[in-house]
Structure formats: structure tokens, C-alpha cells
Amino acid sequence: MAAGAGAAHLPRAAGPCPPGVRQNPRPGRARLQRAHPRLLLARPLPRRYRPLPLYAPLPRGPQQVHLSLRPQGMLSARGPPCRPHHPRPRRRRGPPYRPVCLHRPDRPLHQDHGGLRPNASTLVSLLPLLAQHGALFQGTSIHAYCLRACLEQNEEQVLIGTALLDMYAKCKQLVYACRVFHGMPVRNDVTWSALIGGFVLCDRMTEAFNLFKDMLVEGLCFLSATSVASALRVCASLADLHMGTQLHALIAKSGIHADLTASNSLLSMYAKAGLINEATMFFDEIAVKDTISYGALLSGCVQNGKAEEAFLVFKKMQACNMEPDIATMVSLIPACSHLAALQHGKCSHGSVIIRGLALETSICNSLIDMYAKCGKIDLSRQVFDKMPARDVVSWNTMIAGYGIHGLGKEATTLFLGMKNQGFAPDDVTFICLIAACSHSGLVTEGKHWFDTMTHKYGILPRMEHYICMVDLLARGGLLDEAYQFIQSMPLKADVRVWGALLGACRIHKNIDLGKQVSRIIQKLGPEGTGNFVLLSNIFSAAGRFDEAAEVRIIQKVKGFKKSPGYSWIEINGSLHAFVGGDQSHPCSRDIYHELDNIMVDIKKLGYQADTSFVLQDLEEEEKEKALLYHSEKLAIAFGVLSLNEDKTIFVTKNLRVCGDCHTAIKYMTLVRNRTIIVRDTNRFHHFKNGQCSCGNFW
DNA sequence: TTAGGGTTAG
């Protein structure tokens, strides 16, 4: 098959033929290659990349084409009509178009402008701009102009073809990008990179990697730092470290490892895979680092729960006089959220204000999330209200913030405001909204929003939506309905869905259903320890310690380790962490003394230890002792000692807050006249005047 | 003409 055969698009022919080669009929691939051994000839794409035709072949020959600017600022091509296979969209009524010249936008094209026309260079400069803004309509107009103006000079064909391909890819029109690619008789490394990058952009990772492999088959000369960067991104996204290391070897062999783009991509791949030590070593080996090198390591640390390491990277960056940009700060701010480190978060906020980045949408989104997760939902709302431009992430983050604070009504109101302001909710919006209803016990509302999502917005529920729904129903006490809901799901329920039901079995102490669900989970293969722990806790809470111990033995045999529970508190910008019965803190004696006093006082008010939360078979007295020094109680006692009465005590726990502690903390607010906020893995508990904001529903 | 680090949910 001749190179580019079947192409009806811009790179219709290779332009002026190389000497000795006839243009028509098209020369055979082998003949052309013999005549010009250095010419890189494209092969037809494999069938899987071949798209449907967009336009029928156009008549050849120079055509008069005008590019016009619509009143709304949209470019349009005028000239001999295209012959599309499908009807063209109808023009909107409105004032007549004002034709303009592309390279002289101040002068209309129909006026005399010295015979100047946009040439290949003009268009190649313009197309990336359109791609950047996702201006598909204008890009298509340029494509039409290229066809009509016969911009087919051989050396320009690759440039224009690649720029068009990239424009379509950035506009997520892969069918058309492939069409252009397929029609190009000559391609270069940039062409391949642009198409692979397009597949990555559209999250079609496997196809992107297949394309990368096809590129290598086509010729190693196409291998570049750019295409490797996209391929490494695929490996990171698919968590395919094996493929990533193979690519690393390929990079080293091909000699592009010295390229900073390639190095940063490798660094990012290792960091995202959680190999922070390896990533750090790799980072240290990069001779001349840029902001992206620091950003890649920093975000890798945050994404893998190593927030403290992220701060160290940021410190290093500052020590090297490297100015953090938007992406750096957007990566750093969530580190404060993870640690619930409000002081650090406020410092980061100040830092973005000083740098003039405080009103950037992505920065504001991070700040909304940070303040919400640091217990300051009112500050989240302030940031949200002051944003000059919001996107769907801003709304989702604010709704999620209300959700974790148990403010389901506020979340619903905000969602209605979102609709009124013309923002289209996405699938994540409904996850946030249903989860917010779930945290507030708004079962009917949650069901309504699930139906609205599917019927009104046509959003197909994902597994995450089903998890939220099961959580909503089961947590609300509708265990049987939740079970029926799982049975009726069109998707096969995974461990997380059943895990949500099992969690509710623990809350509502339904042992029979818990055992049944647990058997299902074990057949599916439990992920991590959570489900074993839940089942064991269900047995323990019912006093069936033998069976609880049995589950723990199975857990041990299967090699799962339970993560230890711990709590931490930020005092004057320093974080203090405690595990249960911890005596390692320098102020340990004072902390224990204060906690003992508090316990005496709250017992006077009627507090009684709920020993059902002790998960081992101990004597009653020992059980009370085990509860007494839970990590959250120790952290609160340290907060009472360290903070003035008017200050809120804010404690974070890596697990769900213990039920006995939940009761004790309510009493603590009374005997020490304090406001206490506890953030656990699920939500916030605002304790004040003997009450908790969760209404005992968590 | 291409590319490397970024925010939300579960």
C-alpha cells in the first residue's frame, strides 16, 4: 500500500515530489524509499487507530478562502463549500461576519493588504494557541483553509499536519487526530509524540502505550524525550513499574537520559509509584534541576502520604532560590490538609498571596480543601466566595467540605446554587453530594440525588456512586435495603461496596448479616486489613471474643497487618503524635496527670466507660484502663494543657474515632469548657457544650 | 509542530 493511501485530509500528498519520483500515480513505498533512503516514510496506521472519514476529498487547485471573525470571536472559513459526509451545523442568526486577515487581525481580508495570505508558518504559529484553548471550531476552520489553500509544500506538510493533529488531540478529538496522522505521508518524532500525548490526555492509556510500541517498530529514530515522557506517564497511571523500568533502560541506552524532560518524567514515574527513596536518589542525580523536578518529587511525596517529606522538598527548593509556581503550591497545600496542619496551611496561604497567586482557580481549590480538612469550613467558604473564577472542582470541593463536616443541608443548598449559576455537575459532584447526605443521615435526599444523576443528568453511576449509596442506606439503618441494592447493581459489587455494608453492620451490631457479608468479601479477596478488622470488631462488640480472635488469626495467616491507631495535634506549628498508651512524649507525666483529672471530673457528671469498645477479652478493670489511654484522649489532654481556654482543640486521628472516646469527649467539653474538634478518617466531629455535630451518626 | 510537576470524591 502506498504511503498515505486512503488519506483525504490535509496531508493529501507529499507536495513537490523529490526528483525522480512521479507524483501521480503515487509512487510505491519501496520505490520511494530506494530513491530517497533518508526519507522517513509513514506506514498506514493499524486498523484500530483508523477513524471514520471526516470530509470527502476536495477538488484540487488554488481556492479563494476567507477566514472571518464571528461576532463572538470565533473564526470561520468561507470559500468553496466543503463536502461533508454529515450535515454541517446550522449557522446561528446574527450580524454578518466581519472578515479579517489572520496575520493582520486589524485589517479585513477583503481589503487590499498587499496580496499577503496566511502561510504555513502563520498557521503553525496559530494552531497551538487554538489547541491550548480547546478552540475546535476555529481549528477546524484552519484545517479547511489549509485544504483549500493547498498548503502542501513537503517541508511544511509535516509541520502543518502535526500542528493540526495536535490541535485535534488537545481538543480530545482523537478520531480526527488519527485521521490526520493516517493521512500524513511523512511523519517525524513530533508527530508521533503529539498523537501519543493525545491518547494520554484522553486517558486512553493502553492505546497510548501500544502506539508508543508501534512507533518503536516504525523506527528508533522517532524516539524522543517527549514521546518517552508520555509513555512514562502511562506507566505511572497504570502503576506498571515493570514497564517503567524497561523504559528507563531504553532511555539510558538511547542516550536521552541527559534530557531534563526525560529525567523529570522518570523521577515522576518513580515518585508516583511510591518509591520515594528511589525517586529522591534519582532527583539528587539530576545535575541541573528545574521547578518541575522539585514539583514532581513534592507531589509524589504528598500522593503517597509523605506530607512531611514534601515540606522538606519545598524547603530545599527555597534554599536553592527556586521560585515555586502555581503547580508547586497546588501540590504543597494538600500536604497541610493531610497533616491537618492549619498553621502550615495558613503560611502556605500567605505565601501564595505574596506571590500574587491567591486568586488562581486551582490554588483556591486547594485552599478550600485545606481549610475544610483543617476544621475551618467557614474559611473554606470565604475562599470560595472570593474566587474570581470557579470551575467544577471548586464546587465539588466545597460540597465535599460541607459533607465531611456533617453539613448535608448546606451541601445541598450549594449544589442548587451551582445549578442556578449554570455550572454542569459532573460524576464527582454527585459522589460528594451523596456522601454529604450520608454523613448527615439524609437518606431520602441522597436517594433523590442518585436518581437525579442518572435520569436527569444521564450520568452513568460508577462503582464509587454505588459505594456511596450503600453507605447512605446501610449507615441509615436500612441494612436489608442496602443488601438488595447491591444485588440489583448492574456492576459486580467489589470489596469496597461490601465493605461499606460491613461497616454499617458494625454500627448497627447486626452480626448475622456481618458474617454473611464477610464471607462474600473473603471470596472476593479482601483488600488490606480493613474488612478483617471490621469483622473482628463486630464479634468483639458482641462479646464473642473467640470468633474475633479467629478472624485475627486468619488475618495474620493471610499476611495482613493492621495499621496502628494514632492521633496528632498541632501546637504552635509543631505536630505532636500519640499512640494508645503512649509515654514517649516529653510532657508525658503532665499529660497523664491531666487526663486522670479529667476522667475523675467527667465521671462525676455521669460518664461511664463503654467497655464494648475494647476489642480484647480482658477483665472489666483492664478494659477501662485500655480505653482510658486511647490516642485521641492523650492528644486532647495535651491540647488542654497547651492551649488557652478560648482556643479550639483540634485533634486528627488516622482511624475512625472510638465510640467510648466519642462519649468521653462530649463530657470533656463540659468539665474543661472547651470546644474540641476531632477529624477521623470519615468526617469531622465538632464537640461543644456536651454535644457532637455528628449527632452520634457516623 | 510535541513533552515533564497540580486541585475535588470513593
Side-chain angles (χ1 to χ4, degrees), chain A residues 120-121 123-128 131 156-167 169-170 187-198 200-201 222 224-233 236 259-269 271-272 290-300 302-303 313 324-334 337 360-370 372 391-401 403-404 426-436 438 462-471 494 496-497 499-500:
Chain A
S121 304
L123 302 180
V124 164
S125 307
L126 180 63
L127 279 164
E156 292 170 344
Q157 175 269 323
V158 181
L159 292 181
I160 295 184
T162 304
L164 281 168
L165 182 160
D166 181 57
M167 182 274 298
K170 295 248 172 68
R187 302 168 191 142
N188 63 15
D189 56 328
V190 182
T191 320
W192 281 98
S193 293
L195 189 61
I196 296 168
V200 170
L201 185 71
F222 293 118
S224 65
T226 310
S227 58
V228 155
S230 296
L232 284 168
R233 200 163 162 183
D259 187 293
L260 189 56
T261 298
S263 301
N264 285 343
S265 303
L266 273 171
L267 165 62
S268 173
M269 193 264 297
K272 280 179 183 161
D290 63 2
T291 320
I292 295 175
S293 318
Y294 285 94
L297 185 58
L298 198 154
S299 70
V302 177
Q303 285 165 17
V313 176
D325 59 4
I326 293 174
T328 314
M329 296 310 293
V330 167
S331 300
L332 182 73
I333 293 168
S337 314
E360 292 289 334
T361 302
S362 53
I363 296 264
C364 289
N365 294 344
S366 295
L367 288 171
I368 293 169
D369 183 57
M370 183 273 293
D391 60 11
V392 70
V393 177
S394 322
W395 292 92
N396 293 352
T397 312
M398 197 63 234
I399 291 172
I404 55 174
D426 64 6
D427 53 337
V428 178
T429 312
F430 285 99
I431 293 174
C432 300
L433 189 58
I434 298 169
S438 178
R462 289 191 280 124
M463 195 62 82
E464 285 73 12
H465 295 101
Y466 289 113
I467 296 168
C468 287
M469 278 304 290
V470 171
D471 190 59
D494 69 5
R496 296 168 299 167
V497 177

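No engagement by A:L232 is indicated, since no non-hydrogen atom pair under 4.0 Å with the nucleic acid exists. Note on A:A400: only backbone sugar-phosphate atoms sit closer than 4.0 angstrom, heavy atoms only; bases stay farther off. A:S227 comes within contact range of no nucleotide atom at all, as no heavy-atom separation falls under 4.0 Å. As judged by a 4.0 angstrom heavy-atom cut-off over every strand, A:L260 is placed among the base-contacting residues. Nucleic acid contact class of A:T261 (heavy atoms, under 4.0 Å, all strands): base. Note on A:S362: a base of the nucleic acid sits closer than 4.0 angstrom, heavy atoms only. A:S366 comes within 4.0 angstrom of sugar-phosphate atoms only, judged by non-hydrogen atoms across all strands, and of no base. Across all strands, A:V124 comes closer than 4.0 Å only to sugar-phosphate atoms, never to a base (heavy-atom distances). Contacts of A:D189 with the nucleic acid, taken as non-hydrogen atoms under 4.0 Å apart, are absent. A:R233 comes within 4.0 angstrom of sugar-phosphate atoms only, judged by non-hydrogen atoms across all strands, and of no base. Using a 4.0 Å heavy-atom criterion, one finds that A:S263 contacts no nucleic acid atom at all. Base contact: A:S193 has a heavy atom under 4.0 Å from a base atom. No contact: A:E360 has no heavy atom under 4.0 Å from any strand. At a threshold of 4.0 angstrom between heavy atoms, the contacts of A:D427 with the nucleic acid are absent.
The side chain to side chain contact (heavy atoms under 4.5 Å, CB included) test applied to A:T328 returns A:T291, A:L298, A:F314, A:M317, A:P324, A:D325, not counting sequence neighbours. In this view, A:T429 and A:N396, A:D426 satisfy the side-chain hydrogen bond (donor to acceptor under 3.5 Å, both in side chains) rule, not counting sequence neighbours. A:S224 meets the side-chain hydrogen bond (donor to acceptor under 3.5 Å, both in side chains) test with A:S193, A:S227; sequence neighbours excluded. Residues satisfying the salt bridge (charged side-chain N to carboxylate O under 4.0 Å, His left out) criterion with A:D427, sequence neighbours excluded, are A:R462. For A:Y294, the ring pair (Phe, Tyr, Trp, His ring centres under 6.0 Å) test picks out A:F283, with sequence neighbours left out.
A nucleotide of DNA chain B counts as in contact with chain A when one of its atoms lies under 4.0 Å from a heavy atom; the first and last such, 5' to 3', are B:dT1 to B:dG10.
Atom OG of A:S263 sits about 12.0 Å away from atom CD1 of A:I292, to the nearest 0.5 Å. Expressed to the nearest 0.5 Å, how far CG of A:N264 lies from CE of A:M269 amounts to 13.0 Å.
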